[in-house]
Protein chains: 2
Amino acid sequence: MDAKIAKRVMPIGSLSDRTGVKVETIRYYEQVGLLPQPERSEGNQRRYGRVHVERLAFIKHARDLGFPVDGIRTLLRLSDNPGMACDEAHAISVAHLDEVRHKIARLRSLEKELERIAATCSGGVAACDCAIIEALADHSQCRHERH
Amino acid sequence: MDAKIAKRVMPIGSLSDRTGVKVETIRYYEQVGLLPQPERSEGNQRRYGRVHVERLAFIKHARDLGFPVDGIRTLLRLSDNPGMACDEAHAISVAHLDEVRHKIARLRSLEKELERIAATCSGGVAACDCAIIEALADHSQCRHERH
DNA sequence: ATACGACCTCTAGCCACTTCAGGTTCAAGA
DNA sequence: TCTTGAACCTGAAGTGGCTAGAGGTCGTAT
């Protein structure tokens with residue numbers, strides 16, 4: 001019974017395997033204060049438990065969703081003090097969603113212009129002069145919004 | 001007359017105004033070899049001409065399109081030696097287009113998941129407990145009925 | 001006892017800038 | 001002509017979010 005309840009203590013490599021976060025990245029998260037400092041073995045090696053696995057999974061999920069580290073810090077703080085959390089967490093998520101949508105819109109218009117430019121020149125040496133380079137040199141041909 | 005021709009020589013701030021590239025960024029481009037070193041005034045200030053305006057416009061356009069600096073360096077080299085240029089320029093553009101499309105696809109799926117997460121909680125303090133934080137903490141899909 | 005991989009710290013590197021500190025030059029107004 | 005003060009200069013350091021390397025220590029299987 002002690003065996004099961006006792007903390008499943010593991011070194012950093014196992015935490016890495018469990019969460020899919022690289023060892024170096026885990027140490028980096030500790031350094032920047034996203035992960036609490038774990039206990040150490042006699043030989044000074046990090047020993048992690050269930051709490052760390054959960055927190056790191058949270059961080060990874062949020063990073064996969066593109067949240068910046070600073071936003072994650074806030075979300076973690078909120079998750080530590082439930083109750084007040086919802087409004088702020090919602091605001092962070094909505095702001096991030098907004099950003100993602102802007103990025104998508106921007107990339108779509110880039111895609112269009114790149115298609116146009118690349119289509120002008122199909123790659124044959126004789127075919128162009130070169131249209132791509134001219135397109136890049138000359139703004140007037142381009143319909144892209146960000147000038 | 002001479003006055004007009006002479007006016008084509010300008011300091012860095014004017015080049016910045018004309019191209020929309022920040023002064024510091026212009027100096028950075030010079031430092032990393034994208035822009036040639038300009039003449040200097042007696043007091044050691046940079047003096048730019050038409051050539052620089054054109055080259056910087058090329059660089060800016062390519063950067064706006066998301067080309068990495070290294071790709072731009074190649075494109076600039078190609079534009080200096082026309083003739084051989086087309087195949088390589090085309091390859092660079094197509095590769096970049098490919099990358100842009102991948103980014104779009106990835107962001108779209110992020111958008112969907114963020115929408116799902118943010119929709120679970122509309123922001124009222126009483127409404128959730130908090131679904132966003134749970135969704136982020138969750139390894140599988142969080143059902144927020146249970147606390 | 002030894003081998004060997006996993007672990008440790010510290011430092012530097014990546015991209016594409018941006019910011020800062022502390023000084024110099026230029027051009028317009030008095 | 002002199003005096004402002006905005007624009008310019010250099011060099012170094014900071015940004016985000018890691019990643020990589022050097023050079024050493026620890027833990028465990030045989």
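Chain identifiers are assigned alphabetically (A, B, ...) following the order of the sequence lines, protein sequences preceding nucleic acid strands; residue numbering begins at 1 within each chain.
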- [ ] Would you give the length of the straight line joining atom CD of A:Glu30 to atom CG of A:Leu56, rounded to the nearest 0.5 angstrom?
- [x] 11.5 Å
Task: Between OG1 on residue A:Thr25 and NZ on residue A:Lys60, distance to nearest 0.5 Å - done: 10.0 Å
TODO: Consider only side-chain N and O atoms of B:His52 and B:Glu39, and report whether a donor and an acceptor are under 3.5 Å apart.
DONE: no
Nearest whole Å is fine: how far is [N] [atom2] from [X] [atom1]?
| X | N | atom1 | atom2 | result |
| --- | --- | --- | --- | --- |
| A:Leu34 | D:dG17 | CG | P | 10 Å |
| A:Asp70 | D:dG16 | CG | P | 7 Å |
| A:Glu42 | D:dT25 | CD | P | 17 Å |
| A:Met10 | D:dG27 | CE | C1' | 18 Å |

Task: Presence of salt bridge, B:Glu88 and B:Arg77, under 4.0 angstrom - done: yes
Task: Salt-bridge present (A:Glu113, A:Arg116; N to O < 4.0 Å) - done: yes
Open item on the list: Could you tell me the boundaries of the chain A footprint on DNA chain C, defined by atoms under 4.0 Å from its heavy atoms?
Closed with: C:dC7 to C:dT9
Open item on the list: Taking 4.0 Å as the cut-off, does a side-chain nitrogen or oxygen of B:Arg47 come that near to OP1 or OP2 on D:dC9?
Closed with: no
Open item on the list: If you assign each of B:Asn44 and B:Pro68 to its closest nucleotide in DNA chain C, which residue comes earlier from the 5' end?
Closed with: B:Pro68
Task: Closest approach of A:Arg40 to A:Arg47 (non-hydrogen atoms, all atoms of both residues) - done: C-CG, 4.3 Å
Task: Nearest heavy atoms of B:Leu78 and B:Ala89, plus distance in Å - done: CD1-N, 3.7 Å
- [ ] Quick one: list whatever passes salt bridge (Lys or Arg N to Asp or Glu O under 4.0 Å) with A:Asp70, sequence neighbours left out.
- [x] A:Arg73
TODO: For A:Glu115, check salt bridge (Lys or Arg N to Asp or Glu O under 4.0 Å) against everything at least two apart and list the hits.
DONE: B:Arg101
TODO: Between A:Gln45 and B:Pro11, just flag the one whose closest nucleotide in DNA chain D comes earlier from the 5' side.
DONE: B:Pro11
Open item on the list: Run A:Asp64 and B:Leu110 through side chain to side chain contact (heavy atoms under 4.5 Å, CB included) and show every step you take.
Closed with: CA-CA 8 Å; A:Asp64 284 348; B:Leu110 293 186; 5.9 Å; no
Open item on the list: Within residues 21-31 of chain A, which residues have any heavy atom lying less than 4.0 Å from an atom of DNA chain C?
Closed with: A:Arg27
Open item on the list: Over the length of the helix from C:dA1-D:dT30 to C:dA30-D:dT1, how much do the five-pair end axes diverge, rounded to 10 degrees?
Closed with: 10°
Open item on the list: Using the ring-ring contact (aromatic ring centres under 6.0 Å, His included) criterion, which residues pair with B:Phe67? Sequence neighbours excluded.
Closed with: B:His96
